[in-house]
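Below: the structure, in structure tokens.
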Protein chains: 2
Amino acid sequence: MANIRDVAKAAGVSVATVSRYLNNKGYISEEAKRVIAQAVEELNYQPSMIARSLSTKQSTFIGLIVPDIVNPFFPELARAIEDIALAYGYTVILCNSDEDLEKEINYVKTLQQKYVAGFIVATSHAEAEHYIGLDIPIVAIDRRIHSSIPYIATDNREGARIGTEHLLDSGCTNILCMRGPLGLGPADDRFAGFNDAVMGKNINTHIIECPFQFDVAETMVKKVLAEASIDGIFASSDVTAAGAMKAAYSAGIHVPSQLQIVGYDGTMLASQLTPGLTTVAQDLYRIGAMAARMLIKLIEGQELTEHEVLIPAELLIRQTTRSGA
Amino acid sequence: MANIRDVAKAAGVSVATVSRYLNNKGYISEEAKRVIAQAVEELNYQPSMIARSLSTKQSTFIGLIVPDIVNPFFPELARAIEDIALAYGYTVILCNSDEDLEKEINYVKTLQQKYVAGFIVATSHAEAEHYIGLDIPIVAIDRRIHSSIPYIATDNREGARIGTEHLLDSGCTNILCMRGPLGLGPADDRFAGFNDAVMGKNINTHIIECPFQFDVAETMVKKVLAEASIDGIFASSDVTAAGAMKAAYSAGIHVPSQLQIVGYDGTMLASQLTPGLTTVAQDLYRIGAMAARMLIKLIEGQELTEHEVLIPAELLIRQTTRSGA
DNA sequence: TCATTATGTGTAACCGGTACCACATAGAAC
DNA sequence: GTTCTATGTGGTACCGGTTACACATAATGA
């Protein structure tokens, strides 16, 4: 592969001129532009990003840290981030942390060695120290890491309130709330939103804490349905809602006539279930895209206009609730 | 950040010695090891992979090109690849091609500039020229690119045969085959497997060509169900099977008592549907992991023992077919 | 007319590693 | 005693870019 000196020689100019040409920096005559362009063409020259990175100490890699890309919540985020990154000339490095702090720290370290320009982090365990010390731009998605780190998420509390309200409007009076893990920001927020909705109303509520896992959700809900009479479920993710649907099916309980279910996230999964899952949709693409844009701004030294952004959620009424049937 | 010269100075040795120490190459005295290790520790030194890459013209980046990470087939692959890559010290760059040739070529170009060590490609359009000319290791997943490029996939023909056979065994006699796009390797193979199974049997078959998209599948199946009497569907992906389930539900056709459905892929989606989707499972993790291992072998200059690997598929019987009900 | 500024280009140090080569020493082999 | 080999270390060119600085020349302003 040709390098910049080959191009300079072929064009009959110095490497500095070629470099200026490539970066649109400083003065270059039209004539120089012409001959360089021709040389670049002839040699099929492509500048080495590695060499450029070494010299400028900058790079065009963005590290994306997610708990597990297999969770349907994350591919949509990743997709958005990748789209924006591509548009701005960045590439995305995929990291699965498995919610494992050590793995996460390790990743950050490794990627620093590789001069990543910044991180988008969709996982965290309050152990913010590992991030705030870094002199690399970071944007947090979904879960807040630290007040100093820009943060983008859905307005989970309001979203959960809307979703629960929908169950209420559809006539549910015995509601099971499948809240997410205690201490996990978004899960806590959604639970708060659920409470906002039922508070003061004459509603029987059952609360269970359930991880964002299909199997566990199915098992837990099966048990609850056997013991209590429930006519509505607010699940704090689509995956756990899917588990609840399965449990209802096994128990011979018809959805939505006997039991109504509202999920959360608005992933593909929700739309592909039968019956279609009514869900509180996060605008995942918008969140991802916005995070990517913010990160790139930070990387390129621009000021952020907003430090924390809450995106409104939208209720997608489908067939697991009666108004959608 | 400290560099290798700082370490050398602190340890009172030359950079060459430090470099040898870091790479476990050549002779180093125990004493030298000790002082260098100490200096590394003190300075919290981390070698720059960028500089190393520039010098060695190698890197530890693997480019993963998929059509769309949002398709539930790919996250599981990506996950496996990432796991293996991490274990061997590589990092994965995520690229969504959208089946767009230009985008794909562009990606390859960009990543070459960034010195990726190799590609794992899960997308292709027979336009293999863009890959075979590259002097970078490539491994193809799922879809064959060219005979010169190592290829790993499920034994789709046999998998489809097993899946179809299962419908036959469960008593279906009017079977709809939702084949994937014509000309797409795995889709053609699966269709061949379907034919292998029904050939010579006294079965009515209906064939439709259906892209791997939920909505399209739902619409197409709705139409077929309205016009013909079908008691079994072989879908060549879980996503399209999910679409078929939805169509049956809308038409008031009960699964599996009136209509049995077999999907293909064995993604999470299949297990999360209600009723659970009987599906021909690809061992996605194994495929991804194997592809990653093969690629790393190639990158590191080792010989490949196998050039093409077909992984057997496994039938997962769940509740959309009667033997699983 | 002379100083100043805008325009244009080249030289070479630098980013942080790698690795070739020279060189030193010590023990083994002859 | 000399040669050979194994062991250990250092100097420095090189990878392919960027950019500070020096140095031109032409145009502008006082």
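Computed from a predicted structure; not experimentally measured.
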Atom [atom1] of [X] and atom [atom2] of [N]: how far apart are they, to the nearest Å?
| X | N | atom1 | atom2 | answer |
| --- | --- | --- | --- | --- |
| A/Ile4 | D/dC14 | CD1 | P | 18 Å |
| B/Asn24 | C/dT18 | CG | C1' | 15 Å |
| B/Leu54 | C/dT18 | CG | P | 11 Å |
| B/Tyr27 | C/dC21 | OH | P | 17 Å |
| B/Gln112 | D/dG16 | CD | C1' | 16 Å |
| A/Lys33 | C/dT7 | NZ | C1' | 12 Å |
| B/Arg5 | D/dC14 | CZ | C1' | 11 Å |
| A/Lys9 | C/dG10 | NZ | C1' | 15 Å |

Residue-level proximity of residues 34-53 of chain B to DNA chain D when a heavy atom falls under 4.0 Å:
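Contacting residues: none.
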Applying salt bridge (charged side-chain N to carboxylate O under 4.0 Å, His left out), name anything that partners [X], two or more places apart in sequence or on another chain.
| X | answer |
| --- | --- |
| B/Glu102 | none |
| A/Arg286 | none |
| A/Lys109 | none |

Validation: residues 5-17 of chain B side-chain donor-acceptor distances under 3.5 Å, sequence neighbours left out:
| from | atom 1 | to | atom 2 | distance (Å) |
| --- | --- | --- | --- | --- |
| B/Asp6 | OD2 | B/Asn3 | N | 3.0 |
| B/Ser14 | OG | B/Ala16 | N | 3.4 |
| B/Ser14 | OG | B/Thr17 | N | 3.3 |
| B/Ser14 | OG | B/Thr17 | OG1 | 3.2 |
| B/Thr17 | OG1 | B/Arg20 | NH2 | 3.3 |

Taking only residues at least two apart or on different chains, which pairs with a member in residues 47-69 of chain B satisfy salt bridge (charged side-chain N to carboxylate O under 4.0 Å, His left out)?
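Non-adjacent pairs meeting salt bridge (charged side-chain N to carboxylate O under 4.0 Å, His left out): A/Arg79-B/Asp68.
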Would you say D/dT18 has OP1 or OP2 under 4.0 Å from some side-chain N or O of A/Lys57?
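Looking at the OP1 and OP2 atoms of D/dT18, neither is under 4.0 Å from any side-chain N or O of A/Lys57.
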Please find the pair of heavy atoms, one from B/Gly63 and one from B/Leu111, that lie closest to each other, and give the distance.
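In terms of heavy atoms, the two residues are closest at CA-CD1, 4.1 Å.
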Output every pair passing ring-ring contact (aromatic ring centres under 6.0 Å, His included) with a member in residues 48-71 of chain B, not counting sequence neighbours, ordered by first then second residue.
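Output for this query lists A/Phe61-B/Phe61.
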Scan nucleotides 19-29 of chain D against the protein and return all N/O pairs shorter than 3.5 Å with their distances rounded to 0.1 Å.
| from | atom 1 | to | atom 2 | distance (Å) |
| --- | --- | --- | --- | --- |
| D/dT19 | OP2 | A/Lys25 | NZ | 2.8 |

Using distance only, find each side-chain donor-acceptor pair of residues 290-307 of chain B under 3.5 Å and give its atom names and separation, not counting sequence neighbours.
| from | atom 1 | to | atom 2 | distance (Å) |
| --- | --- | --- | --- | --- |
| B/Glu300 | OE2 | B/Tyr90 | OH | 3.0 |
| B/His307 | NE2 | B/Ser147 | O | 3.0 |

For DNA chain D, whose closest nucleotide is more 5', that of A/Val18 or that of B/Gly26?
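The residue whose closest nucleotide sits nearer the 5' end is B/Gly26.
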Distance-only donor-acceptor hits, side chain of residues 38-46 of chain B, under 3.5 Å, sequence neighbours excluded:
| from | atom 1 | to | atom 2 | distance (Å) |
| --- | --- | --- | --- | --- |
| B/Gln38 | NE2 | B/Glu42 | OE2 | 3.2 |

Sugar-phosphate, base or nothing in reach of A/Ile28, heavy atoms under 4.0 Å
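Sugar-phosphate contact only.
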What is the nucleic acid contact for A/Tyr21, judged by heavy atoms within less than 4.0 Å: base, sugar-phosphate only, or nothing?
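Nothing, no nucleic acid heavy atom in range.
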Nearest-0.5 Å distance that lies between atom OG1 in A/Thr56 and atom CE in A/Met49
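Rounded to the nearest 0.5 Å, the OG1-CE separation comes out at 8.5 Å.
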So, taking the atom named CZ in B/Phe119 and the one named CD1 in B/Ile93, what distance separates them when rounded to the nearest 0.5 Å?
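If I round to the nearest 0.5 Å, the distance is 8.0 Å.
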Measure the shortest side-chain to side-chain distance between B/Ile152 and B/Glu308 over non-hydrogen atoms and say whether it is less than 4.5 angstrom.
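No, too far: nothing below the 4.5 Å cut-off.
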If you define the side chain from C-beta out and look only at heavy atoms, does anything of A/Thr91 sit under 4.5 Å from A/Leu86?
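They are not in side-chain contact.
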Between B/Ile287 and B/Thr154, does the side-chain contact (heavy atoms from CB on, under 4.5 Å) criterion hold? Intermediate values first, please.
CA-CA 8 Å; B/Ile287 292 179; B/Thr154 299; 3.2 Å; yes
What pairs of nitrogen or oxygen atoms, one from the protein and one from nucleotides 22-27 of chain C, lie under 3.5 Å apart?
none

Compute the bend angle of the helix from C/dT1-D/dA30 to C/dC30-D/dG1 from the end axes (five pairs per end), rounded to 10°.
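Here the helix ends are tilted 40° relative to one another.
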